[in-house]
Each structure stands twice: as structure tokens, then as C-alpha cells.
Amino acid sequence: MDGLPFFEYVSLFRDDLIFATQKHLLVSLYTLLIATVVGIALGLLVYRRASLSTLSIGALAIGFTIPSIALFGLLVPLLGTGLAVGFPVLTMYGLLPILRNTIVGLNSVDKATLDAARGIGMGRLRMLWQIELPLAWPVILTGVRVGAQLIVGIVVIGAYVGVPGLGELLFDALQNLGAVNKLNQALAGTILVTLIALLLDAAFVLVRRYTTPRGIRV
Amino acid sequence: MSDPAPTSSTTTTGGSADNSGGSEAGGVPIILQGVTKKYPGTDAAAVDNIDLEIGAGEIVMLVGPSGCGKTTTMRMVNRLIEPTSGTISIDGEDVLSLNDVKLRRTIGYVIQQIGLFPHLTIEQNVAMVPKLLGWDKSRISTRVEEMLAVVGLDPHEFAHRFPRQLSGGQQQRVGVARALAADPPIMLMDEPFGAVDPITRTRLQDEFLNLQQKLRKTIVFVTHDFDEAVKMGDKIAVLDKGSRVAQFAAPEEILTSPADDFVAGFVGQGATLKRLQLERLDSLDLHQSSRSTHDGVTPLPVRSTLHDVLDAMIADGRDELPVEKDGQLIGTVTLEDLLDRVRALREEADGKLSRRGDETGGVA
């Protein structure tokens with residue numbers, strides 16, 4: 001049961017750990033990118049209509065309650081395993097907070113500001129691009145940040161149906177706990193997932209700082 | 001529609017594109033004919049068949065209780081609200097035939113909540129409409145500096161600040177500068193000074209009136225404050241439910257001869273005192289003063305309103321006060337002068353009233 005000391009384990013299996021981390025990061029970033037594009041686009045489509053906004057936000061809240069493992073289980077028979085099921089499911093979970101925050105952010109732009117914008121002769125698209133999106137941006141970006149955290153976590157669970165990433169290490173370690181070095185493997189996997197999450201979060205703090213218009217920075 | 005605009009109307013349509021510093025475009029007339037706004041699912045029209053002729057260069061105050069449709073009426077002029085029926089023409093041109101977005105660029109717009117763009121600097125806020133109109137950069141920056149100075153904000157101090165760094169009064173100055181930036185012939189103002197404290201409000205009102213003396217824009221000004229209407233308006237339209245025009249006349253006339261009980265109720269108590277706010281000392285013949293000093297009594301500036309004069313008399317317990325112009329004593333005014341003036345105003349009003357009574361068959 002005793003394997004190597006943790007740091008010896010890490011240096012010995014360095015390449016495996018890095019490879020798993022790379023896979024995890026890439027799967028997370030790609031799905032986050034798609035979720036961001038789709039989430040903001042859907043948000044732009046629905047936010048102007050109160051009924052659609054309420055409906056989408058309600059649907060999203062329900063979406064949040066479905067455990068990811070159940071959704072993976074349901075969709076494997078339809079889509080197969082690995083990235084085939086991983087991509088759509090991860091994108092969907094990432095989408096939830098991004099779409100919700102896009103709707104909420106755009107709807108929380110001060111009505112008087114919009115009235116003034118319209119009143120001085122800004123067209124719909126110009127208002128959206130120059131006034132509404134910049135003002136809603138911090139809220140939308142927070143949605144993307146939450147989406148990123150969600151995706152990084154669910155990629156781990158996705159390993160259960162063959163989604164590549166650090167989850168592969170973790171599941172393997174948990175199934176064979178007691179075998180040589182499996183505790184080290186679980187520990188290393190956990191630490192690396194946490195690191196990815198923290199790094200992404202730090203990245204968002206920076207992005208937020210440099211993309212929030214100066215006049216509305218708090 | 002057929003009215004020829006008295007001042008410079010030819011330069012104004014299309015955002016007065018050749019204004020390059022100094023020469024401002026004056027106002028153009030606005031005519032509303034049978035304008036109605038009915039929202040689906042409601043029985044009563046929000047605005048019911050209103051007719052209003054607003055002359056070039058006039059400030060017309062739309063005043064009335066909340067829900068009377070005054071804001072709706074104003075917002076139909078720049079088509080933020082589309083009329084259900086009726087026609088609105090600006091300088092003889094039917095606004096419904098124009099592109100609504102482009103139309104709004106030629107009409108200044110100021111609202112109570114100000115609505116500055118919080119993520120843009122003061123400079124960028126004021127530059128917005130000129131930018132929409134495609135002015136070149138150097139012309140825009142000259143104009144922005146000019147407009148900030150016009151509304152009493154030092155361009156060097158304020159141009160690069162953000163709205164949240166300004167007080168409410170300063171923000172509304174920027175709001176006015178933004179509305180005036182492209183030199184529109186028309187301004188729509190919806191309770192523009194309603195959200196600032198009374199002292200700032202008075203100052204903004206005074207400064208705006210001074211500005212208007214020079215600019216001569218056509219201004220539609222919505223307020224629920226009758227005193228503000230009296231102070232600011234060349235004409236006042238007192239509106240009842242559904243934008244029914246209860247009376248459309250100069251403030252003096254509304255104060256001295258309200259058309260009906262609704263208007264009288266709106267004018268409220270103290271109509272005579274309010275009337276005195278519209279008269280200034282320079283309209284009276286002053287008495288030549290024999291004395292050169294008035295032992296400790298501060299002389300009144302000749303631009304004071306009779307209301308201020310009366311107030312000073314009561315406060316000082318005197319019935320005669322000295323008057324100065326540019327620091328020189330130019331005479332005295334007595335309580336008797338004020339009473340004479342009030343009597344004269346009343347006779348004038350009675351004359352008008354009986355004349356109108358003859359025409360229309362009796363007004364209260």
C-alpha cells in the first residue's frame with residue numbers, strides 16, 4: 001500500500017500528470033469558449049422580451065438541478081462516450097450561468113440611460129454595442145467565470161464516461177485505492193484540478209480588471 | 001404648416017450641419033394637430049386629440065397633474081412614442097415621414113434622471129450626437145469644450161471625468177451640454193431640474209434662461225411644478241387628463257385670468273404674488289431719491305422682481321427702498337408703487353377677460 005513519497009511520485013509521473021492536466025485544461029477552455037459564444041448569443045436573442053427572459057431563467061434554474069452524472073448517463077446511449085458526450089454536456093452546464101448573467105446583466109442597465117441613448121438618436125445595434133454590452137459586461141463576465149468553474153469540475157466527473165482530463169487519474173485512483181501509489185495519484189489529481197480552477201479564476205480577475213470600462217469600475 | 005419660420009429655419013433641418021462655432025441655429029416651429037395616443041387594451045387615450053402650436057424660439061411649458069399625458073405628448077415629438085393618429089410637424093415637415101433615429105439627432109433631449117452614459121467620460125458623453133452625425137474629430141473636440149464652458153463647467157477640469165464623479169447639478173449641466181452639442185433647433189426637456197436640490201434648481205433655471213436668451217431654441221418643457229412653469233415659460237399649456245389643453249397662454253395671462261376652475265386650481269393660492277415674480281423693477285418708474293444714502297439699507301438691483309422687492313420691504317419693515325444699477329443708486333421704489341402696479345395688472349386682466357367673455361360667451 002505504501003508507495004513513493006508524494007514528491008517523488010510527482011517527479012516520476014511528471015509527464016503523465018502534465019498530459020492529463022493539458023487535456024483537462026483544453027477540454028475546459030474549448031467548451032467554455034463555445035458556451036460563452038452560445039450563451040451570450042442566446043442572451044441577446046431573449047433579453048428584450050420579459051416573458052422569454054423569465055422563461056429562460058426558469059429553465060436554466062431547472063438545468064442546474066440535474067446532476068451532471070445523471071445527464072452523462074442519459075446521453076451516452078444517444079451520443080456515445082468520450083468527447084462525443086462530453087462536449088455537449090459540458091457546454092450546456094457552462095452555458096447556464098453565462099446565459100443567465102447575460103440576460104440579467106443586459107436587463108439591469110439603467111432604463112434612464114437607455115431612454116437618453118434612444119432619445120439622442122442611437123439606433124438599436126449601436127445602443128447594444130456602445131451602451132448595453134459595456135454596461136452589462138461585468139455581470140456577463142462573472143457568468144463566464146462561474147461557467148469556467150463549473151466546467152472544470154464537471155470535466156472530472158466526465159471521466160466516468162471517458163471525457164479526457166484529470167478525472168481519468170482520479171477515477172482510476174479511487175477504484176484501485178489501496179494499490180501502490182494510488183493515494184498519491186488521487187492527491188496529485190485533486191491538487192491539479194484545484195490549481196486549474198484557481199488559475200482560471202485569477203485569469204478572470206485580470207480580464208475583468210482590464211475589460212471593465214473605467215467609469216463603472218468599483 | 002404654412003407658417004414661415006421667422007428665424008434661420010433653412011439652416012436647421014438635418015442637424016444644422018454647417019455650424020462651425022459661434023453662430024447657433026435658432027428654433028423652428030412645432031405644430032401638433034389632432035395628436036392622439038391610445039395604448040392597446042386601455043379605454044381612455046393617454047393623449048386625446050391635442051392641438052398645439054409652438055412658435056419658433058419659444059419655451060412652451062407643458063404642465064399638469066401626473067398622468068395627464070404631458071410626458072407622452074412631449075415624447076411623441078421626437079417619436080420615442082409613436083402617435084396613434086394625428087400629425088406632428090417640425091418646421092413644416094411631417095415627423096412621421098422622417099427616419100425616427102435620424103430625427104432624434106436633430107432634437108435635443110434632456111430628462112429628469114439625466115441618463116448620462118456612466119462608462120463614458122464627460123467629453124465622450126457630450127460628443128455623442130456630433131459623433132452620430134459624423135462630424136470630424138477636431139470639430140467635435142472644439143465643440144465639446146465650447147459646450148462645457150457654456151454650461152459653466154471648466155473643460156480642463158471635467159472633460160476626462162466620469163459621470164459618477166460629478167454632483168447631481170453638474171451631471172445635469174452635462175446633460176444639457178449633451179443635448180445642445182449638435183446645435184439642434186428644438187429641445188425636449190422632461191422635468192430636467194426636478195431631481196436636484198432647490199438651490200441648485202434655481203441656479204440651473206436662471207442659467208438656462210440666460211442661455212436661452214442667446215440660443216432662442218424652440219423648447220418643449222414638461223413640469224408638474226406650476227411655479228417653474230411661470231418662471232421658465234414664454235407660454236404655458238395647462239393640461240388635464242388625456243392632455244386636454246385647459247389653457248394655452250402666456251404665464252401672466254394664466255395667473256391673472258385662468259380659463260376655468262381646473263386651471264385656477266392648478267395656479268393655486270398666491271396668484272398675485274406669483275404674478276409679481278414676472279415683473280421686474282425696471283418696468284416701474286422710480287422716484288428720484290433726495291438722499292444719497294439710505295442708512296444701512298442694502299439697495300435692490302434694478303433686475304429684482306417685484307416679488308423680491310415686496311419681500312425685502314416686509315423683511316426690513318419699510319415702505320420705501322433704494323434701487324441700484326451697476327452699483328449706482330438710481331432711485332427708490334415705494335410700497336404704493338407696487339400696489340399701483342398690481343391694480344394696473346388687474347385692470348388689464350379684467351379688460352382682457354371681459355373682451356374674451358364677449359367673444360366666447362362668458363368665462364367665469
Side-chain angles (χ1 to χ4, degrees), chain A residues 40 43-44 47-52 54 101-145 204-218, chain B residues 15 71 74-75 77-81 98-133 160-166 171-172 174-175 177-182 184 187-192 195:
Chain A
I40 294 178
L44 290 178
Y47 84 100
R48 304 257 300 162
R49 282 192 233 152
S51 54
L52 273 182
T54 320
N101 279 32
T102 303
I103 294 172
V104 171
L106 288 170
N107 280 324
S108 64
V109 175
D110 181 28
K111 295 290 167 279
T113 306
L114 296 180
D115 183 42
R118 238 185 113 217
I120 65 172
M122 296 181 91
R124 272 278 348 118
L125 279 179
R126 197 187 296 270
M127 259 169 78
L128 180 64
W129 186 246
Q130 293 188 2
I131 308 293
E132 298 179 88
L133 275 176
L135 291 176
W137 182 241
V139 181
I140 297 175
L141 198 63
T142 302
V144 181
R145 187 172 162 186
F204 276 109
V205 171
L206 286 181
V207 171
R208 187 187 164 123
R209 170 156 318 152
Y210 289 107
T211 59
T212 303
R214 211 150 60 84
I216 56 171
R217 252 180 242 166
V218 274
Chain B
T71 295
M74 185 203 83
R75 288 167 68 89
V77 174
N78 67 353
R79 291 179 59 195
L80 284 171
I81 295 176
L98 304 170
N99 174 299
D100 59 335
V101 172
K102 286 187 180 142
L103 167 75
R104 289 184 204 120
R105 294 176 190 166
T106 66
I107 299 177
Y109 187 60
V110 186
I111 52 175
Q112 178 178 1
Q113 309 88 332
I114 306 172
L116 295 181
F117 308 127
H119 59 305
L120 301 181
T121 61
I122 300 310
E123 182 177 30
Q124 290 167 324
N125 268 281
V126 177
M128 190 55 88
V129 185
K131 239 167 101 182
L132 293 174
L133 291 169
H160 300 292
R161 292 208 198 166
F162 286 97
R164 63 165 183 192
Q165 297 167 309
L166 272 59
Q171 286 188 26
Q172 194 55 294
V174 178
R178 178 176 65 180
L180 285 170
M187 299 264 284
L188 303 181
M189 309 182 83
D190 190 354
E191 307 209 12

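Below, chain A is the first sequence line, B the second, and so on; all start at residue 1. Everything numeric here is computed off the predicted structure, so don't read it as measured data.
- In this structure, A/Asp115 and B/Tyr109 have side chains that are in contact, with non-hydrogen atoms separated by less than 4.5 Å.
- Enclosure of atom CZ in B/Arg164 by more than 12 non-hydrogen atoms of other residues, nucleotides or ligands within 6.0 angstrom is indicated.
- Considering every non-hydrogen atom in both A/Ala116 and B/Gly115, the closest pair reads CB-O, 3.3 Å.
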From CA spacing to verdict: side-chain contact (heavy atoms from CB on, under 4.5 Å), B/Arg104, A/Met122: CA-CA 8 Å; B/Arg104 289 184 204 120; A/Met122 296 181 91; over 6 Å; no
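- Contacts between B/Arg75 and chain A at a heavy-atom distance below 4.5 Å involve the side chain alone, from C-beta outward.
- Interface check for chain B: of the options A/Leu114, A/Ile216, A/Thr212, A/Ile131, the most heavy-atom pairs under 4.5 Å are formed by A/Ile131.
- The shortest non-hydrogen separation linking B/His119 to A/Pro213 is CB-CB, 3.5 Å.
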Would you mind writing out the side-chain donor-acceptor pairs for residues 105-113 of chain A within the sub-3.5 Å range, not counting sequence neighbours?
{"from": "A/Asn107", "atom 1": "ND2", "to": "A/Ile103", "atom 2": "O", "distance (Å)": "3.3"}
{"from": "A/Ser108", "atom 1": "OG", "to": "A/Val104", "atom 2": "O", "distance (Å)": "3.2"}
{"from": "A/Ser108", "atom 1": "OG", "to": "A/Gly105", "atom 2": "O", "distance (Å)": "2.9"}
{"from": "A/Asp110", "atom 1": "OD1", "to": "A/Ala112", "atom 2": "N", "distance (Å)": "3.4"}
{"from": "A/Asp110", "atom 1": "OD2", "to": "A/Thr113", "atom 2": "OG1", "distance (Å)": "3.1"}
{"from": "A/Lys111", "atom 1": "NZ", "to": "A/Asn107", "atom 2": "O", "distance (Å)": "3.1"}
{"from": "A/Lys111", "atom 1": "NZ", "to": "A/Val109", "atom 2": "O", "distance (Å)": "3.4"}

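- For a residue to count as touching a neighbouring chain, one of its non-hydrogen atoms must lie under 4.5 Å from one of that chain's; by this rule A/Leu135 touches chain B with the side chain only.
- Note: B/Leu80 leads B/Leu116, B/Leu80, B/Val101 in heavy-atom pairs under 4.5 Å with chain A.
- In this structure, no portion of A/Arg124 lies under 4.5 Å from any heavy atom of chain B.
- Here the CZ atom belonging to A/Arg126 is positioned 8.5 Å from the CE atom belonging to B/Met128, to the nearest 0.5 angstrom.
- The most heavy-atom pairs under 4.5 Å with chain A, out of B/Asp100, B/Leu188, B/Leu132, come from B/Leu132.
- Once rounded to the nearest 0.5 Å, the distance linking CD1 of A/Ile120 with CG of B/Asn78 reads 11.5 Å.
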